[in-house]
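A short worksheet on the structure shown next.
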Amino acid sequence: MRFAVIQFPGSNCDLDMLHAIQDALGEEAEYVWHGEDSLEGFDACLLPGGFSYGDYLRTGAIAKFAAIMPEVMRFAAEGKPVLGVCNGFQILTETGLLPGALIRNRNLHFVCKTIDLEVTNKQTMFTNQYMEKALIKIPIAHGEGNYYCDDETLEKLVKQNQIVFRYANENPNGSKHNIAGIINERGNVLGMMPHPERAVESIVGGEDGLKLFQSIVKAWKEDMIHA
């Protein structure tokens, strides 16, 4: 399986993402610069964390105009897996691929630590290797990770089981309904604030994030069999 890791000016988790795919997962991964206009030959698209374009105007607001983004949107429209982590999640909401918005943390401080997440939906291409309601430990590092949406959108997310991860024992940023990660209606676009790519090896504190990437591979192989 071949993963594209999108690089924006200001991305700083792109190397972590590439390492997670190549070294921990054992699959192919390549950087794709934001100025490129093709994702031909790739099977999955990863938008890493960081501060794209310096987070000027608003997190993700400039990145949505990057040359590569029409391809990311085409990718998503074709049902291929798209994962946005931290700044990547912010970009996905700015483009409209996911509902809601990420705003300043409730305490107005940057938060960096490992937190407990609950897997609230394991029936997705990103979570099929987790147990239902599993508690996992994943690092966070953000200043604008407070997920917000209106009540109508929240009701829809809950009803359609689009909330994939929730903060379990504490809400570190004030996110509505303790939301840490959501998927689109089709189920192939996931945005999450915690960093699974930083939790793929025991030497750095745990491997709970690796199952997310293993889930993507499993779903892709099953699609190949039934294609």
Side-chain angles (χ1 to χ4, degrees), residues 1-7 11 13-32 39 41-49 72 75-76 78-89 92 97-98 114-141 161-168 179-184 186-227:
M1 186 174 184
R2 194 161 173 247
F3 290 76
V5 179
I6 309 300
Q7 287 183 307
S11 295
C13 301
D14 42 350
L15 179 58
D16 297 338
M17 198 72 84
L18 195 79
H19 171 74
I21 301 302
Q22 289 183 337
D23 301 316
L25 187 64
E27 298 291 337
E28 294 183 45
E30 293 181 26
Y31 293 131
V32 176
L39 289 173
F42 289 101
D43 304 301
C45 177
L46 309 177
L47 280 64
V72 174
F75 215 71
E78 291 180 357
K80 296 180 180 179
V82 176
L83 169 65
V85 173
C86 200
N87 190 225
F89 187 8
L92 291 176
L97 286 174
L98 290 175
T114 297
I115 47 89
D116 292 329
L117 290 184
E118 179 186 4
V119 180
T120 54
N121 180 1
K122 71 150 291 176
Q123 305 300 323
T124 79
M125 67 169 62
F126 304 97
T127 54
N128 58 67
Q129 294 300 289
Y130 291 106
M131 298 292 290
E132 191 74 43
K133 304 299 182 184
L135 289 180
I136 61 176
K137 292 185 179 295
I138 305 289
I140 58 172
N161 208 18
Q162 289 176 247
I163 301 172
V164 179
F165 298 107
R166 295 180 67 203
Y167 299 111
I179 289 174
I182 61 172
I183 54 173
N184 62 340
R186 188 169 180 175
N188 67 302
V189 178
L190 170 67
M192 60 188 297
M193 287 311 297
H195 289 266
E197 77 281 2
R198 296 183 181 177
V200 295
E201 297 171 305
S202 59
I203 194 172
V204 293
E207 301 177 2
D208 284 348
L210 184 58
K211 287 184 178 180
L212 186 148
F213 300 108
Q214 291 172 334
S215 295
I216 298 174
V217 174
K218 182 176 185 294
W220 176 78
K221 287 182 176 178
E222 290 176 350
D223 283 346
M224 291 297 99
I225 291 174
H226 296 106

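Here the structure is a predicted model, which means the values were calculated and not measured.
Taking each heavy atom of Ala29 and Gln22 in turn, the nearest pair found is O-NE2, 3.0 Å. Gly41 and Arg2 make their closest contact through O-NH1, 3.0 Å (heavy atoms, listed as atom of the first residue, atom of the second, distance). Of all heavy-atom pairs spanning Ala4 and Val32, the tightest one is CB-CG2, 3.8 Å. Here the closest heavy-atom approach between residue Ile179 and residue Tyr167 is recorded as O-CE1, 3.3 Å.
Partners of Gln162 by side-chain hydrogen bond (donor to acceptor under 3.5 Å, both in side chains), not counting sequence neighbours, listed by chain and number: Gln160. Take Asp14 and apply the side chain to side chain contact (heavy atoms under 4.5 Å, CB included) test, not counting sequence neighbours, and it matches Val5, Gln7, Ser11, Tyr31, Pro48. Annotation: side chain to side chain contact (heavy atoms under 4.5 Å, CB included) contacts of Asp23 (sequence neighbours excluded): His19. With sequence neighbours excluded, the residues that form a side-chain hydrogen bond (donor to acceptor under 3.5 Å, both in side chains) with Thr124 are Thr127. A search for side chain to side chain contact (heavy atoms under 4.5 Å, CB included) contacts involving Cys86 returns His142, Met193, His195, not counting sequence neighbours. Applying the side chain to side chain contact (heavy atoms under 4.5 Å, CB included) rule to Met192 yields the partners Leu83, Val85, Leu117, Phe165, Leu190, Pro194, Pro196, Leu212; only residues at least two apart in sequence or on another chain are considered.
The backbone N or O of Val189 sits less than 3.5 Å from a side-chain atom of Asn184, completing a donor-acceptor pair. Checking side-chain atoms of Thr120 against main-chain N and O of Val164 turns up a donor-acceptor pair under 3.5 Å. Between the side chain of Asn188 and the main chain of Ala76, a donor-acceptor pair closer than 3.5 Å is present.
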Criterion side chain to side chain contact (heavy atoms under 4.5 Å, CB included) on Leu25 and Val200, from CA distance to verdict: CA-CA 8 Å; Leu25 187 64; Val200 295; over 6 Å; no
Could you give me the CA-CA distance, side-chain angles and deciding distance for Phe213 and Phe126, then say whether side chain to side chain contact (heavy atoms under 4.5 Å, CB included) is met? CA-CA 7 Å; Phe213 300 108; Phe126 304 97; over 6 Å; no
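How far CG of Leu210 is from OG of Ser202: 10.5 Å, rounded to the nearest 0.5 Å. Going from atom CE of Met125 over to atom CZ of Arg186 covers 8.5 Å, rounded to the nearest 0.5 Å. In this structure, the separation between CD on Gln123 and CG on Asn128 is 8.5 Å, given to the nearest 0.5 Å. For the atom pair CD1 (Ile6) and SG (Cys45), the distance works out to 4.0 Å, reported to the nearest 0.5 Å. Rounding to the nearest 0.5 Å places CD1 of Ile163 at 10.5 Å from CD1 of Ile183. Interatomic distance, Glu27 CD to Phe3 CZ, rounded to the nearest 0.5 Å: 6.0 Å.
Under the salt bridge (Lys or Arg N to Asp or Glu O under 4.0 Å) criterion, the residue pairs touching residues 115-137 are Asp116-Lys137, Glu118-Lys133, with sequence neighbours excluded. Among pairs with a residue in residues 78-87, those fulfilling salt bridge (Lys or Arg N to Asp or Glu O under 4.0 Å) read Arg74-Glu78, Glu78-Lys80, at least two apart in sequence or across chains. Residue pairs that meet the salt bridge (Lys or Arg N to Asp or Glu O under 4.0 Å) test with at least one member in residues 204-220, sequence neighbours left out, are Lys218-Glu222.
Under the 4.5 Å side-chain criterion, counting only non-hydrogen atoms from C-beta, Val119 is not in contact with Leu135. A heavy-atom distance below 4.5 Å is not found between the side chains of Leu47 and Met17.
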